[in-house]
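Only one structure is covered here, and it is reproduced in the block below.
Just so you know, these numbers use all the heavy atoms, side chains as well, and skip hydrogens, waters and symmetry mates. Labels below follow one simple rule: chain letters A, B, ... track the order of the sequence lines, proteins then strands, and each chain is numbered from 1.
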Number of protein chains: 2
Amino acid sequence: MQSSTDGNLLRGTLDFLLLASLEHGPLYGLRIIQDVQQRTGGHFNFKEGTLYPALHRLEKRNLIQGETRPSDTGGPPRKYYHLTPTGQTELTRQREEQRAHARALRPYLELA
Amino acid sequence: MQSSTDGNLLRGTLDFLLLASLEHGPLYGLRIIQDVQQRTGGHFNFKEGTLYPALHRLEKRNLIQGETRPSDTGGPPRKYYHLTPTGQTELTRQREEQRAHARALRPYLELA
DNA sequence: CCGTACTACTTTGCATGACTACATAGTGAG
DNA sequence: CTCACTATGTAGTCATGCAAAGTAGTACGG
């Protein structure tokens, strides 16, 4: 499991997080996990069994594309993923969807 | 399907919406759907096949409790659900969880 | 070389839960 | 009796997050 989130809350957000992580340049798998952890103050920390299937899913949908490169710090080669044009479009769409979701939820979060 | 939301986004939010709907007094199933629709400006509108199993799930966890009452407008009897003390506690917990989720997501929603 | 450690990616199997579609039933009108 | 409307219920399907285990590549100590 992850530290802070119920798995159900990650659903429908994971793909968005991955796409958004690649928005400013290619990253490889394990690096994405660290990236998301940092940017969310440790809130999201999923494991490889969550990450890699998701990446493959996105690649199959042609939203991202992977490219294997040798590691520069020693270690096995890394698979760097970058957004495709379709992926960028989808990211924009999902960002708006996330915003709408947050907006719709707001009345339920205020007050007790 | 629903109009605005991807089903995955509803996951982990549905139970919270239901609990929150009952916070200010008992409601019956179909009425909850209308209630949520209204309070979210039509964003969430799930169907009976989504609602009832969720209600049963919550009742099995003793977070809500149902009570059948005759309809006051004609029609079949209605099952009014109300929060149990445990349910109220759980609602508070989930509300904080939702807030944390929204907070963690914020950096990804800003800017392009 | 060999064993160990670390990094990186992959896969299997499972459990959860939203959705579609359909089923059941109470009530009142005509 | 039949039709329409309301209300609750459920079976089957599908997507997907997760734990756990496996496979490699690289470097280093001996």
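- The residue A:Pro53 sits close to a base: some heavy atom pair falls under 4.0 Å.
- If you measure from atom CZ of B:Arg11 to atom C1' of C:dG17, you get 4 Å, rounded to the nearest angstrom.
- When the C1' atom of D:dT26 is taken as reference, atom CZ of A:Arg69 falls 19 Å away, rounded to whole Å.
- Contact annotation for A:Gly49: base contact, defined as any heavy-atom pair under 4.0 Å involving a base atom.
- Checking the phosphate oxygens (OP1, OP2) of C:dT10, no side-chain nitrogen or oxygen of A:Tyr52 falls inside 4.0 Å.
- Rounded to whole angstrom, the span from the CG atom of B:Leu10 across to the C1' atom of D:dT16 amounts to 15 Å.
- One finds a side-chain N or O of A:Arg57 lying less than 4.0 angstrom from the OP1 or OP2 phosphate oxygen of D:dG17.
- Ionic pairing of B:Glu23 and B:Arg95 is present here: one or more N-O contacts between side-chain nitrogen and carboxylate oxygen are shorter than 4.0 angstrom.
- Rounded to whole angstrom, the span from the CG atom of B:Leu14 across to the C1' atom of D:dA15 amounts to 17 Å.
- The side-chain heavy atoms of A:Tyr108 and B:Leu19, taken from C-beta on, include no pair separated by under 4.5 Å.
- OP1 or OP2 of C:dG17 has at least one side-chain nitrogen or oxygen of A:Asn8 nearer than 4.0 Å.
- With rounding to whole Å, B:His101 atom NE2 is found 12 Å from D:dG17 atom P.
- Under a hydrophobic clustering in which Ile, Leu, Val, Met, Phe, Trp and Tyr are joined whenever their side-chain heavy atoms come within less than 4.5 Å, directly or via other members, B:Phe16 and B:Leu9 fall into different clusters.
- Between B:Lys79 and A:Gly75, the residue whose closest nucleotide on DNA chain D is further toward the 5' end is B:Lys79.
- The side-chain heavy atoms of A:Gln37 and A:Phe44, taken from C-beta on, include no pair separated by under 4.5 Å.
- The distance from atom OH of A:Tyr28 to atom C1' of C:dT10 is 17 Å, rounded to the nearest whole Å.
- Of the listed nucleotides (C:dG26, D:dT10, C:dT10), C:dG26 has the atom at the smallest distance from the side chain of B:Pro77.
- Across the protein-nucleic acid pair, A:Leu27 atom CG and C:dC9 atom C1' stand 16 Å apart, rounded to whole Å.
- With C:dA25, D:dG9, C:dA8 as the candidates, the nucleotide lying closest to the side chain of A:Pro76 is C:dA8.
- Annotation: side chain of B:Leu63 is not in contact with side chain of B:Leu18 (no heavy-atom distance under 4.5 Å).
- At whole-Å resolution of the value, NZ in A:Lys47 and C1' in C:dT10 are 17 Å apart.
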